[in-house]
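In what follows, a single structure is set out as structure tokens and then discussed.
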Amino acid sequence: MIPMVDLKQQYQALQQEINPAILAALAETRFILGPNVSAFEQEAADFLKVKHAITCASGTDALMLALACIDLKPEDEVITTPFTFIATAEAIAYFGAKPVFVDIDAQTFNIDTNKIKAAITDKTKAIIPVHLFGQAANLGEIQTLCKAHNLVLIEDAAQSFGSKYQEKYTGTVGDMGCFSFFPSKNLGCYGDGGMITTHDDNLAEKIKIFRNHGSKKRYYHDILGYNSRLDELQAVILRIKLNHIEAYNQKRQQVAKIYTDILKEKQSITTPYQSDYANHVYHQYTLLLNNRDQVMETLKAQDIASAIYYPIPLHQQNVFKDQNINTVLPITEKISQQCLSLPIYPELTSEQAEYIAKTVYSAAL
Ligand SMILES: *Cc1c(COP(=O)(O)O)cnc(C)c1O
């Protein structure tokens, strides 16, 4: 069986490094906000060329902490994409605020920046673009809108660690960038983990206070905070994997190239579009197909996994039924019916990639 991701192979390759480092951290016993957490934060900030990187318990929490920092209120609105994982909108809704969904671009599957302006009201507080599947949203355009309307720009970079918008890493262009280290992400740990990046000293200070029970000085609490910290063992793993992230992302790009070279020859298949302003790191390799279910069945019969990200756009989710979100978003709705993601991970061999692509090629109509 070829799975969507193969974490076992990666662990086997890294265990000589990871096992002793974990044992050393266990012996240290500084499990919360310990030395590996601060070292990882510094190393991640250096890698991404951002002033501050502050870890937390998950990508969802990263979004929550970012929104806490801008004091999001129930009457506020936040503009985002409907074609993403639920967490992006969940974070907004936790504050009682309204996620306002703007349709996506048919080529990149990222928020359509031409449609954002019409969605801005005097209640709009922020825009959260998602760099879907590892490819940067059109941040230049979004930044211009944010400046013109005095909005905060929070990047959901959960799927795009190491990818770039022009010369800058995603997550370092807006006011804050939110990352997830969920095991299957491009940079993943062995449990839950997250991080917020910012160039702003005041925001960095606030995030650190919010993640630690609203406390700057121990047992003195000035604001209502959260308990959301990355644990020391996850930091140990992330420090090791950060050294490999560029090679991992390059391997993903090589797999994507093998897929595209074969599949672009078939007219009925739409291969992933690469924007000229983005360096796509292929968290997912996602095609559009006319006969998706049939292709999925054929792959399954050949022991090849495939997955639909995302079958139900967020504006159509039951959880938002009462939120007065009765929009029709035709591009998102169409793409969610046609999209299919193929296995992609650094350890996938060229032979496997060719075999998968040829199977898709013959099954597509
Ligand atoms: C994974 C993901 C999140 C949430 O991250 P967790 O670490 O699982 O909480 C948020 N946004 C997007 C786009 C994601 O893919």
Side-chain angles (χ1 to χ4, degrees), residues 4-5 7 40 44 53-68 78-95 99 101-102 104 108-111 126-137 139 142 153-163 165 170-171 174 176-197 207 211 226-231 234-235 237-238 241 249 252 278 280-286 307-315 317 319-320 332 335-336 339 341 344-345:
M4 289 299 288
V5 281
L7 297 175
F40 174 68
I54 300 133
T55 53
C56 62
S58 69
T60 308
D61 277 11
L63 291 159
M64 297 261 302
L65 292 167
L67 293 171
V78 178
I79 292 173
T80 191
T81 166
F83 200 52
T84 175
F85 182 57
I86 184 72
T88 315
E90 219 173 23
I92 300 163
Y94 278 138
F95 291 86
F101 298 112
V102 167
I104 57 172
T108 64
F109 313 151
N110 279 321
I111 192 166
I127 303 179
I128 310 184
V130 176
H131 307 306
L132 196 76
F133 303 150
Q135 172 161 245
L139 286 172
I142 299 171
L153 173 49
I154 298 171
E155 295 173 65
D156 183 338
Q159 301 185 1
S160 67
F161 195 104
S163 92
Y165 172 79
T170 55
M176 285 176 273
C178 299
F179 292 85
S180 164
F181 302 126
F182 187 83
S184 62
K185 301 288 157 104
N186 287 34
L187 180 62
C189 59
Y190 295 167
D192 275 308
M195 182 173 81
I196 303 142
T197 44
I207 297 161
R211 77 167 169 184
Y226 301 83
N227 172 3
S228 183
R229 298 164 305 217
L230 182 75
D231 75 69
Q234 302 306 337
I237 293 154
L238 287 167
K241 283 209 184 180
N249 283 342
R252 287 173 180 272
H280 197 325
V281 295
Y282 291 97
H283 173 60
Q284 297 297 342
Y285 182 92
T286 303
I308 299 171
Y309 304 116
Y310 296 91
I312 304 177
L314 298 191
H315 66 291
Q317 294 285 352
V319 62
F320 295 129
T332 305
I335 284 170
S336 68
C339 60
S341 301
I344 194 157
Y345 47 90

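For ligands, and for the atoms within them, numbers begin at 1 and follow the listed sequence.
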Residue list, side chain to side chain donor-acceptor pair (under 3.5 Å) with Tyr165, at least two apart or on another chain: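 Side chain to side chain donor-acceptor pair (under 3.5 Å) list for Tyr165, sorted by chain: empty.
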
Test side chain to side chain donor-acceptor pair (under 3.5 Å) applied to Ser160 - qualifying residues, sequence neighbours left out: Thr170

Ring centroid separation Phe181 to Phe40 under 6.0 Å: yes

From His131 atom NE2 to Ile111 atom CD1, the distance as rounded to the nearest 0.5 Å: 11.5 Å

Check ligand 1 for N or O atoms under 3.5 Å from a protein N or O and list each pair with its distance.
residue: ligand 1; atom: 5 (O); partner: Ser180; partner atom: OG; Å: 3.2
residue: ligand 1; atom: 7 (O); partner: Gly59; partner atom: N; Å: 2.8
residue: ligand 1; atom: 7 (O); partner: Ser180; partner atom: OG; Å: 2.6
residue: ligand 1; atom: 9 (O); partner: Gly59; partner atom: N; Å: 3.3
residue: ligand 1; atom: 9 (O); partner: Thr60; partner atom: N; Å: 2.8
residue: ligand 1; atom: 9 (O); partner: Thr60; partner atom: OG1; Å: 2.5
residue: ligand 1; atom: 11 (N); partner: Asp156; partner atom: OD1; Å: 3.3
residue: ligand 1; atom: 11 (N); partner: Asp156; partner atom: OD2; Å: 2.8
residue: ligand 1; atom: 15 (O); partner: Gln159; partner atom: NE2; Å: 2.9
residue: ligand 1; atom: 15 (O); partner: Lys185; partner atom: NZ; Å: 3.0

Salt bridge (Lys or Arg N to Asp or Glu O under 4.0 Å) partners for Arg211, two or more places apart: Glu41

Any side-chain heavy-atom pair of Met195 and Phe161 under 4.5 Å: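 Yes; the side chains approach each other to less than 4.5 Å.
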
